Structure formats: C-alpha cells, structure tokens
Amino acid sequence: MSKEITSRKEDYAQWYNDLVIKGGLADYSAVRGCMVIKPYGFALWEEMRDELDRMFKETGHENAYFPLFIPKSFLSREAAHVEGFAKECAVVTHYRLKNDPDGGGIIVDPEAKLEEELIVRPTSETIIWNTYKTWIQSYRDLPLLINQWANVVRWEMRTRLFLRTTEFLWQEGHTAHANAEEAITEARLMLDVYTDFVENFMALPVIRGVKTPSERFAGAIDTYCIEAMMQDGKALQAGTSHFLGQNFAKAFDVKFSDKQNKLDYVWATSWGVSTRLVGALVMAHSDDEGLILPPKIAPIQVVIVPIYKGDERKELLDARGKELASALKKAGIRVKFDNNDNNRPGWKFAEYEKKGVPVRLALGLRDLDNHTVEVARRDTKDKMSLPAEGLIERIVLLLQEIQESMYRKALLFRDDHITKADDWDEFVRLLDEKGGFISAHWDGTPETEEAIKDKLKATIRCIPLNNPPENGKCILTGRPSKERVLFARAY
RNA sequence: CGGGAUGUAGCGCAGCCCGGUAGCGCACUACGUUCGGGACGUAGGGGCCGCAGGUUCGAAUCCUGUCAUCCCGACCA
C-alpha cells in the first residue's frame with residue numbers, strides 16, 4: 001500500500017489528484033485554474049504529441065501556426081460559434097501598464113485601451129478561416145490540410161488537473177475541401193487516426209460515434225467523437241472531429257472556382273485532441289500504488305535499479321547496469337539506469353511504481369553470480385528472474401505484452417460497462433449503482449435529452465457509428481425510437 | 001457564481017479556544033554506516049505564521065476586511 005496516494009475506494013477524485021501530483025506529472029500554479037506541467041508529465045505529452053504529429057503528416061497534413069489573439073469581431077461572424085464560446089473567453093482590453101500615481105504599484109494604463117478588444121483563442125476557426133480566404137482561390141488550392149499545435153484558453157468555472165484547465169495544450173486541425181463528401185471523409189479519417197492512436201498507443205478502447213445536435217461543436221454540422229470509459233464508470237470524450245459544412249466559409253467568405261469556373265464556398269473540417277488525454281490515461285489504467293503507463297508512450301519504458309552490498313563489486317555492478325542500459329537503448333527502448341546513491345532500492349521501487357514505469361529491472365550481486373536479472377512489470381506486479389542471455393529480446397516482447405495486456409484489461413472493463421436498459425427504473429438504477437455506458441432508446445428530441453440530463457446528470461455521449469437499427473421505445477417518454485444511443489455521466 | 005474547507009519552513013501538520021522567545025515529521029546540507037520492497041546515527045541550515053488594517057505594553061493567536069487555493073454543485077474538451 002502506498003503511503004502517499006489516496007485509494008480509489010476512499011476518494012476517487014483525490015486519488016486522481018494524488019497520481020498527477022505525486023507521480024510528478026503536474027503541479028498547481030499560482031494562476032487560478034492553470035497548472036504547471038512538470039518535466040515527466042511533459043515528456044509523456046511529448047510522446048503522445050510526436051506520435052500524433054507523425055500520424056497527421058502521414059495522412060498529408062502540414063503544421064502551421066496562427067495567432068494567439070483573435071479580434072473580437074471575428075468571433076461573432078459565425079452565430080452558433082460565438083454563442084458556444086462567448087461565456088468562456090479571456091479578453092485583452094489594454095496594451096500597457098503604468099505606475100500607480102497613488103503609489104499602489106502597477107496599474108492598467110486607462111489611456112492604453114485597445115480600439116478593438118482581442119480574444120485569447122478558445123479555438124482558432126475564425127482566425128484561420130479569415131486567413132484561408134486569402135489562401136484559397138481555386139479547386140487547385142484544395143484540399144488544404146493544416147494542423148497547429150497550440151495553447152488555448154477557456155475560462156471554465158471549475159478546473160481539474162489535465163481534465164479541464166483554463167489554459168491547455170492541444171492540436172487543432174483545420175481543413176478545406178472542394179465538396180461535402182471529401183470533407184466528411186476527412187473528418188472520419190481523422191476520427192480513425194484518433195482511434196488508432198488512443199487504442200494502440202494509449203491502450204484505451206474507445207467508442208466511435210456522432211454527437212447529438214445539442215452536444216455538437218459550436219458551428220459544426222456533425223461532430224464525431226471517441227468516448228472512453230474511466231475506472232469510476234464515467235465517460236470521457238477523448239477526441240472530436242467536426243464536419244463544419246460551409247458554415248465558416250460563408251462566415252468568412254471563402255470561395256473557390258471549380259473546374260467549370262463556378263464559384264462555391266469551400267467545405268471544412270476541424271478536429272482536436274488535448275492534454276486532457278493525459279488525464280484519460282491516468283484515470284483509465286492506474287491503481288492505488290500510482291500511475292500505470294502503457295509502454296508505447298511511457299517516457300521511461302524500463303528502469304534499472306542496482307542493488308549494492310557496501311562497495312563489494314560496486315564497480316562491476318555499475319558497469320553491468322550501464323551495459324544493460326545501452327543494449328536496451330540500442331534495441332530502441334527508453335531506459336533509465338538509476339544508480340543514484342542517495343536512495344535505496346526499496347525507495348526506488350516505490351518511486352518508479354508511482355511513476356508508472358512499465359518494467360523494472362533489479363540487478364544485484366546474486367544476479368551477477370547467477371547471470372540473471374530480476375524483472376518486474378508494473379501492470380500486473382509480476383516479478384520473475386530471467387537469465388541475462390537473451391534478456392533484451394525478452395524485454396522487447398514483454399513491453400509488447402504489457403501494451404496488449406493493458407488494452408485487453410481496459411477493453412474488458414469497458415465492455416462490462418456497457419449495459420442495456422429498457423425501462424426507466426432500470427436506467428436510473430444502472431446509472432446510480434453501476435455507472436458506465438447505458439445503451440437505451442431515445443426519441444430523438446433535444447427536450448428529452450435535456451430532461452434526462454436535468455434528472456440524472458447523464459448525457460448522450462454519442463450515437464455509435466454503425467449502430468444497428470432496432471425498434472424500441474424511448475427510455476423516458478416511451479415514444480418510438482429506431483436505435484439505441486449511449487448515455488453516461490461524463491467528465 | 002453558490003455551498004464547504006484551508007492558508008504557519010520545500011511538503012504534511014501542531015500551536016490559535018485561554019495573547020508573552022515559532023514547533024514537530026518528512027525533505028534539504030555535511031560526515032559516517034547502509035543498500036534484494038519506502039534505512040539509520042551525529043551535526044547543521046531554512047519562517048514578514050497568505051495580505052492589509054485595527055485592539056493591546058505585546059498578536060500566528062482577538063476583531064474587521066481582503067486575496068488565493070482545494071473540494072462539492074450549476075457551465076464545459
């Protein structure tokens with residue numbers, strides 16, 4: 001049992017905070033709602049970012065960078081968009097400070113008021129489409145496939161480390177196409193990319209679906225999403241991809257000439273994932289001893305802990321440890337040899353478990369004599385002694401096995417937390433006692449969706465893609481329904 | 001923005017009721033012994049007691065304000 005981490009059973013929210021703070025991922029900062037991402041947490045984000053970036057480029061996208069500030073007037077061009085974001089925007093009104101003539105330190109200079117206020121971007125559709133207007137003339141300029149890695153600000157009332165912070169890091173893809181079909185294909189393609197990444201790298205199974213109109217992105221025609229299930233039975237939206245139709249093209253007057261030289265508005269998508277994924281990763285896999293990171297994105301995949309007996313053969317032990325580390329590194333493994341003399345082995349064991357390092361190797365005098373290494377895996381806590389011969393190959397395989405095993409475990413949990421409900425009492429009972437996704441019929445109206453949300457705090461997470469048609473009655477109103485949708489309480 | 005809690009050493013806390021030299025554990029520094037599951041000894045360093053007023057001979061402690069953070073709700077990725 002960890003001395004420092006609150007157990008999930010005792011207090012799930014506190015457990016999550018403890019993991020993030022004590023696992024060394026992030027700290028609270030002096031700024032309300034904003035966190036400091038610490039080196040270990042940032043390394044994890046970098047692993048995720050680099051893999052996603054590779055995937056984006058492989059699917060033909062290029063990176064660019066657009067301004068942090070957006071003129072206020074831009075935001076209001078698209079009606080639904082401004083409606084969705086207006087309540088959570090940080091606004092820059094002045095550009096200068098000065099000494100307080102009354103001696104109270106520094107104040108905003110009232111004379112330095114901006115002609116037009118600037119919004120700190122909550123997302124960049126408006127500034128980007130304003131720019132695209134000048135980039136796009138002809139069908140030959142399409143498709144335009146751009147991504148940007150950036151920070152954004154949404155003034156949320158309540159924040160939680162990684163899951164919802166005032167400022168967060170993300171990527172936002174913004175593409176322009178000659179017709180609707182191509183744009184929809186793009187939106188779906190990026191949903192595939194997200195699915196691939198989250199399932200195969202984060203070892204986290206997701207449900208792919210489409211949002212109901214009330215859960216749609218502000219300004220979108222359709223919002224596709226991937227939804228993941230956390231250990232406490234709450235759902236978490238892990239990524240979204242939007243088909244924006246011609247909404248932004250019309251708002252910013254972005255037209256192109258087609259082959260027949262006819263002018264038309266271009267078709268758009270946008271898609272994003274954020275540092276929120278780090279929160280999902282933490283909540284989905286970890287246990288009461290600390291983080292459990294999937295090997296493919298763990299900043300440290302293997303840690304080697306030497307166990308000394310005084311100075312006896314210490315140099316040999318060090319040499320053997322370094323040799324092992326460099327052999328693992330050569331095999332493409334991110335490895336750390338921790339021969340720091342300040343902490344004892346037991347302390348290190350606990351520390352690296354807290355940090356979720358997938359594999360720990362312990363190397364002591366006994367191992368030198370027997371030509372063995374003690375191998376411990378973080379996810380199952382299994383320990384075994386392996387011969388030094390062929391160890392590298394075994395570790396490579398073990399990392400794969402851990403990756404797959406973590407996915408299987410999360411998948412079992414997820415599948416066990418999709419439950420059908422066909423009457424209201426059952427629906428309520430499931431939500432309160434079991435949690436997870438509840439698959440139920442819905443009459444398709446926003447009113448019913450809203451009523452269920454008010455009563456139970458459960459929302460429709462998505463209508464799964466490839467959802468089988470099935471005639472039934474709405475869980476609340478009893479009106480006819482043609483398919484089931486997934487309800488859940490969500491982060 | 002409502003409700004609750006908390007601000008005292010880097011972290012976790014005691015002291016506050018009942019005003020009188022600011023403490024404990026961990027961490028840190030030095031040296032030594034240790035090292036197969038969170039080591040131990042000895043000697044050290046570190047504080048505008050969140051901030052601003054007030055009461056008092058004297059305030060971490062009492063009073064008034066204020067700021068910040070966390071948790072729970074409404075809003076949201």
Side-chain angles (χ1 to χ4, degrees), chain A residues 1-6 11-14 16-18 21-22 27-35 84-89 104 122-123 152-172 194 211 214-218 223 225-228 235-242 270-280 289-290 305-314 317 338-354 360-370 372-374 376 381 383 385 453-454 457 459 461 490-491:
Chain A
M1 261 302 158
S2 170
K3 290 198 272 187
E4 299 175 335
I5 296 169
T6 307
D11 185 342
Y12 190 86
Q14 191 55 46
Y16 173 78
N17 286 335
D18 284 353
I21 300 290
K22 290 168 181 162
D27 254 344
Y28 293 109
S29 76
V31 186
R32 182 193 195 87
C34 295
M35 65 175 172
F85 286 105
K87 284 173 290 182
E88 48 188 29
C89 286
T123 180
V152 286
V153 166
R154 295 183 187 174
W155 216 265
E156 302 289 350
M157 292 181 191
R158 195 175 150 220
T159 57
R160 295 194 64 183
L161 295 166
F162 285 111
L163 296 175
R164 180 167 300 110
T165 45
T166 300
E167 178 190 12
F168 57 96
L169 306 183
W170 76 345
Q171 58 69 218
E172 44 182 328
Y194 288 156
K211 289 288 187 188
S214 62
E215 296 275 330
R216 250 178 226 149
F217 174 75
T223 289
C225 62
I226 49 175
E227 293 282 330
L236 186 145
Q237 179 176 300
T240 52
S241 179
H242 317 288
S270 69
W271 28 274
V273 296
S274 70
T275 38
R276 185 178 224 213
L277 284 178
V278 175
E289 269 72 55
V305 178
I307 296 157
Y308 305 119
K309 286 276 186 222
D311 282 336
E312 194 190 343
R313 288 189 283 171
K314 191 170 178 178
L317 214 44
D338 185 357
N339 64 344
N340 183 330
D341 211 21
N342 297 328
N343 298 311
R344 296 164 82 251
W347 188 91
K348 293 178 186 172
F349 291 176
E351 183 67 12
Y352 290 110
E353 274 161 20
K354 208 165 66 186
R360 181 189 71 233
L361 305 182
L363 190 62
L365 294 180
R366 230 155 51 207
D367 297 299
L368 287 186
D369 294 335
N370 303 335
T372 55
V373 173
E374 186 193 77
K381 307 261 187 63
K383 271 199 281 199
S385 189
K453 188 177 173 184
D454 287 347
K457 298 186 170 69
T459 49
R461 299 318 302 155
Y491 280 99

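Since this is a predicted model, take the numbers as computed values, not measurements. So you know, we letter chains A, B, ... as the sequences are listed, proteins then strands, and number each from 1.
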Please give the nucleotide sitting opposite B:U69 as a Watson-Crick or G-U wobble pair, both distances under 3.5 Å, or none.
B:A5

As its Watson-Crick or G-U partner within any shown strand, both distances under 3.5 Å, B:A74 has none

Mark up nucleotides 29-37 of chain B, 5' to 3', with B wherever a protein heavy atom is under 4.0 angstrom from a base atom, S wherever such an atom reaches only the sugar-phosphate, and - elsewhere.
-----BBBB

Rounded distance in Å between the C1' positions of B:C16 and B:A74:
36 Å

Whole angstrom value for the distance that separates P of B:C76 from CD of A:Glu227:
15 Å

Over how many whole Å does the gap from A:Trp271 atom CH2 to B:A77 atom C1' extend?
16 Å

Does any nucleotide pair with B:A43 by Watson-Crick or G-U wobble geometry, both distances under 3.5 Å, and what is it?
B:U29

Residue pair A:Val152 / A:Glu172, side-chain heavy-atom distance below 4.5 Å
yes

Rounded to whole Å, please give me the gap between CE in A:Met35 and P in B:C70.
12 Å

Tell me the partner of B:A52, counting only Watson-Crick (N1-N3 plus N6-O4 or O6-N4) or G-U wobble (N1-O2 and O6-N3) with both under 3.5 Å; none if nothing fits.
B:U64

Starting from C1' on B:C76, measure out to CD on A:Glu167 and report it in whole angstrom.
17 Å

Between A:Cys34 and A:Lys453, the residue closer to the 5' end of RNA chain B by nearest nucleotide is A:Cys34

Spacing between A:His242 atom NE2 and B:A77 atom C1', to the nearest angstrom
9 Å

Would you say the side-chain atoms of A:Arg276 pair up with the backbone N or O of A:Leu163, donor to acceptor, closer than 3.5 Å?
yes

